[in-house]
Structure formats: C-alpha cells, structure tokens
Amino acid sequence: MIQIYIEGSQIVVEGHAGFAPLGQDIVCAGVSALTQTLVQALDVLVPEEASFYIEPGKAVIQFQTHSEKSRLLARSFFIGIEMIARTYPENVSLICTDQTWTS
C-alpha cells in the first residue's frame, strides 16, 4: 500500500501500491506522476519554499513556508491523490494530521 502522510510542514509518500506487478502498476504510476509533478513544480515555481528527498518507494517534501503558491500546488496534488485513493482504497491511504495543505 502507498501511504501519504501530511504532518505539519511535511508530506511523505511511501510504499508500493501492490495493484499489479512492478512496471505494470497503474496505481503506483499515478501516484508517482503526481508526486514528481509536485516536486518539479515546487522546484521550478517556488524553489526557496521546499526541499525534497526522493528514493525508490519514498518521497519527502519539506515546506519552509506556507505561501499561497506552495499551498495551491500542494492542494492540486491532494486533489489527484484523493481521487486515486477513492478509486483504489486498498492500495492508497491518505493520512492527514494537518489540514493546512488539504483545505
């Protein structure tokens, strides 16, 4: 299962969906595409506002600020993640302890 945690100024995406074999897993591909897009958008559009750590099966995004731009980018990410989690609840879990980024 992929778990997405929102804790304070941090988003953590970790795990594997297990929906299909590696390389054929559309759930992993969807979450990975959204995560990579968020990272690249933050890096290009507001580079001073976030730092990243990415390895296979895990991504950590640490926000330094809660600017309107970074909140909009994060909210867009969560809209996509919420759609995938609703469609594949056995494969994706969204755990939010801070509503800053999701509302």
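Keep in mind that this is a model prediction, so the values were computed, not measured.
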Atom CD of residue position E55 - does it have more than 12 heavy atoms of other residues, nucleotides or ligands inside 6.0 Å?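 Yes, enclosed.
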
Hydrophobic cluster membership, with links at side-chain heavy-atom distances under 4.5 Å among I/L/V/M/F/W/Y: are [X] and [Y] in one?
| X | Y | answer |
| --- | --- | --- |
| I11 | L45 | yes |
| M83 | I26 | no |
| V44 | I61 | yes |

Main-chain N/O of M1 paired with N91 side-chain donor or acceptor, under 3.5 Å: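 Flag not set: sc N91 to bb M1 has no pair under 3.5 Å.
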
Is it the case that the side chain of S76 and the backbone of L72 share a donor-acceptor pair, with hydrogens and angles ignored and the cut-off at 3.5 Å?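 Such a contact is absent between S76 side chain and L72 backbone.
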
Heavy-atom side-chain proximity of [X] to [Y] below 4.5 angstrom:
| X | Y | result |
| --- | --- | --- |
| V13 | I81 | no |
| Q64 | S9 | no |
| L73 | F78 | no |

Among pairs that include at least one residue of residues 16-45, which meet ring pair (Phe, Tyr, Trp, His ring centres under 6.0 Å), considering only residues two or more places apart or in two chains?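 Only F19-Y88 qualify under ring pair (Phe, Tyr, Trp, His ring centres under 6.0 Å).
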
Among residues two or more places apart or on two chains, list those pairs meeting ring pair (Phe, Tyr, Trp, His ring centres under 6.0 Å) that have a residue in residues 27-46.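 Residue pairs with at least one partner in residues 27-46: there are none.
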
Does a donor on one side chain sit under 3.5 Å from an acceptor on the other, for E49 and T65?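 A pair is found: one side chain offers a donor N or O, the other an acceptor, under 3.5 Å apart.
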
Side chains of Q3 and S93, donor plus acceptor under 3.5 Å: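 Per modelled atom types, Q3 and S93 side chains form no pair under 3.5 Å.
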
E48 side, atom CD; D43 side, atom CG - distance, nearest 0.5 Å: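 The distance works out to 10.5 Å.
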
Using the rule given for salt bridge (Lys or Arg N to Asp or Glu O under 4.0 Å), can you reason through R75 versus E82, listing the C-alpha separation, both sets of side-chain angles and the distance that settles it, and then say yes or no? CA-CA 10 Å; R75 183 65 187 125; E82 288 168 347; 3.6 Å; yes

Exercise: identify the closest heavy-atom pair between G15 and I2: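 Heavy-atom minimum between the residues: O-CG1, 3.9 Å.
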
For a quick test of reading the model, state the closest non-hydrogen atom pair linking R71 to H66 and the distance between them.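 Closest heavy-atom pair between R71 and H66: CD-O, 3.4 Å.
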
Between K58 and I54, does the side chain to side chain contact (heavy atoms under 4.5 Å, CB included) criterion hold? Intermediate values first, please. CA-CA 6 Å; K58 184 172 186 175; I54 299 173; over 6 Å; no

Donor-acceptor pairs under 3.5 Å, side chain of residues 29-40 to any protein atom, not counting sequence neighbours: which ones?
residue	atom	partner	partner atom	Å
S32	OG	C28	O	2.9
T35	OG1	V31	O	2.8
T37	OG1	A33	O	2.7

If the condition is side-chain contact (heavy atoms from CB on, under 4.5 Å), which residues does A85 pass it with, not counting sequence neighbours?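 For A85, the residues satisfying side-chain contact (heavy atoms from CB on, under 4.5 Å) (neighbours in sequence not counted) are V92.
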
Linked hydrophobic residues, V60 as query - side chain contacts closer than 4.5 Å: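 Via sub-4.5 Å side-chain contacts, V60 links to Y5, V12, Y53, I95.
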
